[in-house]
Participant: 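Here's a structure for you.
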Amino acid sequence: MAELYRQVRARTLEIVAPLEIEDYVIQTAEFMSPPRWHIGHTSWFFETVLRKYQAGYKTYSQDFLFFFNSYYEGFGPRIERSKRGTRSRPTVAETKNYRAHIDEQMMRFIESVSRRDDAHKILSIIRLGLEHEMQHQELLVYDIKHLLCDQFDAPMQAAPKSVERVSGMVEIEGGLFELGNDSDGRDRGSSPTVREGAKRTGKDAGEPQAGMPALQEFAWDNEKPQHKVFLEDFSIDRVPVSNGDYLEFIKDGGYQDFRWWHSAGWEKVNAEHWQAPLYWEQHDGEWMIRDFSGLHRVTDKLNEPVSHVSFLEASAYAKWAGKRLPTEAEWEKAAMFSHSSTTKQEFPWGDSAPDESKGNLFESGLWSVAAIGAFPEGQTSHGCHQMIGDVWEWTTSDYVPYPGFKSEFDEYNDKWFVGQKVLRGGSYATPQIHIRSTYRNFFYPHERWMIAGFRCAKDK
Ligand SMILES: [Fe+2]
């Protein structure tokens, strides 16, 4: 746990390392948070653990408790979300000192935990804090993109090339399907918290990831319990909708035709003057995409997944294309059900952990989507590509509790069970150890500063 803690905490600082001091405090929109806030808030989260479980712990600063609490009513008053960028204090240096103090305390605390009777419970909470931190690492990427985009000096790696031309849909047989994460029902081995090598070193796996500590099994409460759902036969796209596909929708007047849009979508199109995804710009009549590496012609990126679209836009495109978005159960069956073994596997390609040959996640270091057809090793037995990584994929499912849901963490997932849509699969900003095929991300239907795209489905 100490090693995992050290690695996850270090990565947050690696992400912000190229920032200049002025970049840390600016809030460019209500929905984003300044980088200083993220590095303070993720430390505040661990300070709540120390305050509760470390005897004699002295609160670092009452002001910090106020400034770095996000939305937790149980932890008292806090600054309004939209005002996180209205203060110059605490300074960035003070925030980093706070972070270093919490790390020092936490490392000592983790070393002492094994001697306690409540060790299992505390280790679970620390793991939760690390998963929380990884969520904020992804948010940092969204927020830094909104703040700086191509002015940010991201440590970008070369993107893999498309090695296979992939298109069309596959048919998936319906019937009863076990939706959700079953980790509670599994034999976890001798220790309740640390399972050496973890389940991600399954049958086609080999060794744990180099440099990564043995993984604890972890799943959010909202992915559980696994339960039966009935699916009709359906078809699903083999690949995410591409910029090229989406450009056709734009050129066909998609943003000018109310027939494709939900009422809420049509209202947004008119109120916000949407004409294309976020980060698309028109120059001399030509659509361009701005990303971390600069401004590009869409025509040079036709074979890449479209990103920064809202649920409202994804739905409109699907209707225009004579298709629909998949439900999350359809998405999960397509991603996890093995045609050949007729069982549910951990990932589209089998049970081994994600790596750079199978999908475009944070560790690939692309800071961008990859071309469609760049990860043949990551495909499902049905031939669906890039279900894990690149872009979170909108589903038509409402983010509501599964039948039998039990909240495991106060004010974490369950307080958001209204008005949001489920996204699946992770993006190029999601850490490899953070993603699971059963992971349910959620955002409001109009939001699009996240790295979100989609693939379509169809009734048979
Ligand atoms: Fe948070």
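Order of appearance sets the numbers: ligands from 1, and atoms from 1 within every ligand. Given the structure is predicted, the values throughout are model-derived calculations rather than measurements.
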Participant: Take the Fe ion (ligand 1) and tell me which protein N, O or S atoms are nearer than 2.8 Å.
Facilitator: H41 NE2, H132 NE2, H136 NE2
Participant: Taking the six-membered ring where the residue is Trp, are the ring centres of F405 and F417 under 6.0 Å apart?
Facilitator: yes
Participant: Any pair with a residue in residues 50-76 that passes salt bridge (charged side-chain N to carboxylate O under 4.0 Å, His left out), sequence neighbours left out, goes on the list, sorted by first then second residue, please.
Facilitator: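 Passing the test, one end in residues 50-76: E73-R78.
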Participant: How about W449 and F31: are their ring centroids closer than 6.0 Å?
Facilitator: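 Ring centres of F31 and W449 closer than 6.0 Å.
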Participant: Going by the angle between their ring planes, with limits at 30° and 60°, are F46 and Y5 parallel, tilted or perpendicular?
Facilitator: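 Aromatic pair F46/Y5 classed perpendicular.
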Participant: With the side chain counted from C-beta on, respond yes when K333 and E178 share a heavy-atom pair under 4.5 Å apart, and no when they do not.
Facilitator: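 Side-chain contact under 4.5 Å: no.
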Participant: Mind checking whether H41 and H132 have ring centres under 6.0 Å apart?
Facilitator: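 For H41 and H132, the ring centres are under 6.0 Å apart.
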